[in-house]
**Student:** 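Sending over a structure as structure tokens; questions will come in a sec.
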Protein chains: 2
Amino acid sequence: MTPIRLLLADDQAMVRGALAALLDLESDLEVVAQVGRGDEVLAALEASAPDVCLLDIEMPGLDGIEATRAVRAAGRARVLVVTTFGRPGYLRRALDAGASGFVVKDTPAHELADAVRRVHAGLRVVDPALATESLLDGTSPLTDREADVLRAALDGGPVAAIAAHLHLSPGTVRNHLSAAIGKTGTRTRAEAARTARDRGWI
Amino acid sequence: MTPIRLLLADDQAMVRGALAALLDLESDLEVVAQVGRGDEVLAALEASAPDVCLLDIEMPGLDGIEATRAVRAAGRARVLVVTTFGRPGYLRRALDAGASGFVVKDTPAHELADAVRRVHAGLRVVDPALATESLLDGTSPLTDREADVLRAALDGGPVAAIAAHLHLSPGTVRNHLSAAIGKTGTRTRAEAARTARDRGWI
DNA sequence: CCTCGAGGATGACAGGTGTCACGGGCGGTT
DNA sequence: AACCGCCCGTGACACCTGTCATCCTCGAGG
């Protein structure tokens with residue numbers, strides 16, 4: 001039986017190489033491509049024709065969610081998202097983008113190969129604890145603009161900087177921030193940005 | 001020749017297992033223990049008598065810096081710190097705690113085995129780019145209290161919360177924050193806390 | 001057509017924040 | 001003893017923020 005061909009995308013070279021070593025130990029799996037940036041996934045996909053892509057989410061160039069969308073649009077391979085952070089919003093957005101599976105790096109290494117095989121067989125693989133948490137947190141209550149403003153507020157700059165960056169009036173920024181603070185149940189924009197990010201709302 | 005015995009400590013099970021697979025491919029290396037928490041390192045050290053410990057820094061229970069100190073105090077094994085974040089302060093503190101080597105997970109996987117061998121041979125292994133950056137950033141200009149206040153400011157709460165947490169007057173907290181903002185060259189406490197953390201000052 | 005929600009904006013207000021000047025106490029060094 | 005740096009605190013001031021009321025526009029849907 002011909003082995004399942006795998007593409008690995010992770011920005012940490014050492015982790016990427018280690019995962020490749022782990023998966024190559026399985027006789028029915030073969031790592032045929034490794035990339036360290038999201039925007040290199042598509043080219044590697046064309047060049048190596050993998051059956052399954054293992055994508056990290058946090059990557060330079062193009063994040064794993066967008067990379068998933070691109071891979072699915074190309075239509076050839078299935079996607080298994082392998083990520084550090086089990087933020088519920090990530091799970092939802094990854095599945096929306098067309099991922100067949102979602103595992104966090106906290107899960108034991110020996111389960112990864114099975115996850116790959118299940119994904120290749122057309123099954124869905126989802127961390128069960130994360131799935132329930134995702135349902136509890138529900139979907140984001142933030143409007144698009146509120147999310148934009150919170151994203152720009154993540155680095156802690158003053159309102160004027162956020163306003164300039166988004167080409168908005170400072171007053172409007174404060175309105176959006178106030179709404180976001182209310183919806184997140186926090187008291188400062190720094191807290192609001194943190195909890196929104198942890199919930200995957202931005 | 002008897003293989004070099006290794007202990008792996010990393011909180012992400014999948015990464016830990018993958019690194020084990022990678023290192024076990026080398027005929028002169030053997031992973032004899034794996035733990036997922038810093039406070040399990042010492043017990044594993046006693047039970048498995050490794051020659052080299054590969055420790056992550058971000059771990060629950062006990063961070064890798066403190067774990068390094070504990071391993072060195074026990075006196076038997078050398079330590080190679082393997083971490084995600086190349087913050088200059090981490091490097092300095094790891095070496096101060098007695099680590100023989102320091103590599104970030106961005107470095108290629110095939111260099112890890114060599115780093116382990118060098119550490120086992122009694123040599124120092126330090127990421128050169130990080131070493132220069134560490135020298136440029138120098139040591140922390142923050143006083144103890146300023147560092148405390150910045151630490152408490154990391155989560156974005158109001159001054160009153162920081163003051164209560166540290167049993168200080170709000171005015172004193174604002175004074176320390178003002179000094180820290182000046183020393184970090186930033187304009188808000190959120191920025192100051194971020195840059196201080198990235199420089200390893202807190 | 002009319003309503004409704006999202007987006008954008010303004011103005012006003014209370015309260016939080018960053019800065020500064022100043023003072024006091026404590027533990028070092030000279 | 002005198003000096004110095006760190007720590008802790010107070011008070012004052014300007015500015016920034018968070019909240020609210022209000023207004024306008026626009027597209028979707030009843």
Side-chain angles (χ1 to χ4, degrees), chain A residues 89 92-93 96 137-202, chain B residues 89 92-93 96 137-202:
Chain A
R92 171 179 303 270
R93 293 197 320 218
D96 285 349
D137 269 10
T139 194
S140 170
L142 302 175
T143 68
D144 291 350
R145 259 344 208 177
E146 285 161 7
D148 289 340
V149 172
L150 269 195
R151 243 187 304 275
L154 267 178
D155 51 13
V159 168
I162 306 173
H165 181 254
L166 294 173
H167 310 291
L168 286 180
S169 155
T172 303
V173 170
R174 285 193 285 152
N175 285 336
H176 286 314
L177 282 176
S178 184
I181 289 170
K183 288 175 179 176
T184 52
T186 53
R187 296 217 312 290
T188 70
R189 63 165 178 275
E191 286 181 89
R194 267 173 46 97
T195 66
R197 188 195 53 185
D198 289 350
R199 294 227 242 271
W201 291 352
I202 57 176
Chain B
R92 172 180 303 272
R93 295 197 321 220
D96 284 349
D137 270 10
T139 195
S140 169
L142 301 176
T143 69
D144 290 352
R145 254 354 203 173
E146 286 161 5
D148 289 341
V149 172
L150 269 194
R151 244 187 303 277
L154 266 178
D155 51 13
V159 169
I162 305 173
H165 181 254
L166 294 173
H167 309 292
L168 287 179
S169 153
T172 302
V173 170
R174 286 193 287 155
N175 285 338
H176 286 314
L177 282 177
S178 185
I181 288 170
K183 288 175 180 177
T184 52
T186 53
R187 296 216 312 290
T188 69
R189 66 168 178 274
E191 284 181 89
R194 267 172 46 97
T195 66
R197 188 197 52 187
D198 290 350
R199 293 225 241 272
W201 291 352
I202 56 177

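The basis for the numbers below is simple: all heavy atoms, side chains too, and nothing from hydrogens, waters or symmetry mates.
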**Student:** Indicate, with a heavy-atom threshold strictly under 4.0 Å, whether A:R145 touches base, sugar-phosphate, or nothing.
**Tutor:**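 Contact class for A:R145: sugar-phosphate only.
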
**Student:** Would you mind telling me which of C:dA9, D:dC7, C:dA12 lies closest to the side-chain atoms of A:L168?
**Tutor:**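 Taking heavy atoms from C-beta onward, the closest nucleotide is C:dA9.
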
**Student:** Categorize A:T172 for me: base, sugar-phosphate, or nothing, with a 4.0 angstrom heavy-atom threshold over every strand shown.
**Tutor:**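 Base contact - A:T172 has a heavy atom under 4.0 Å of at least one base atom.
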
**Student:** So B:S169, base contact, sugar-phosphate only, or nothing? Heavy-atom distance under 4.0 Å.
**Tutor:** sugar-phosphate

**Student:** C:dT17 C1' sits how many Å from A:E191 CD, rounded?
**Tutor:** 15 Å

**Student:** Can you tell me if the side-chain N/O atoms of A:R187 get under 4.0 Å from OP1 or OP2 in D:dG18?
**Tutor:** no

**Student:** C:dG16 C1' sits how many Å from A:R189 CZ, rounded?
**Tutor:**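 Distance, rounded to whole Å: 11 Å.
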
**Student:** Can you measure A:D144 atom CG to D:dC26 atom P for me and round it to whole angstrom units?
**Tutor:** 19 Å

**Student:** Mind calculating the distance between CG (A:D148) and P (C:dA6) to the nearest angstrom?
**Tutor:**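 My rounded result for the distance is 15 Å.
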
**Student:** At less than 4.0 Å, is any side-chain N or O atom of B:H176 found next to OP1 or OP2 of D:dC7? Yes or no.
**Tutor:** no

**Student:** Mind calculating the distance between CD (A:E146) and C1' (C:dG8) to the nearest angstrom?
**Tutor:** 13 Å

**Student:** Taking 4.0 Å as the cut-off, does a side-chain nitrogen or oxygen of B:T143 come that near to OP1 or OP2 on D:dG5?
**Tutor:**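 B:T143 to D:dG5 OP1/OP2: no side-chain N or O under 4.0 Å.
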
**Student:** Does B:N175 reach a base, just sugar-phosphate, or nothing at all? Heavy atoms under 4.0 Å.
**Tutor:** base

**Student:** Could you tell me whether B:D96 and B:R93 have a side-chain N and a carboxylate O separated by less than 4.0 Å?
**Tutor:**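 Salt bridge absent between B:D96 and B:R93.
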
**Student:** Atom CZ of A:R174 to atom C1' of C:dA12: distance rounded to whole Å?
**Tutor:** 10 Å

**Student:** Would you kindly give the CD1-to-C1' distance between B:I162 and C:dG18, to the nearest whole Å?
**Tutor:** 13 Å

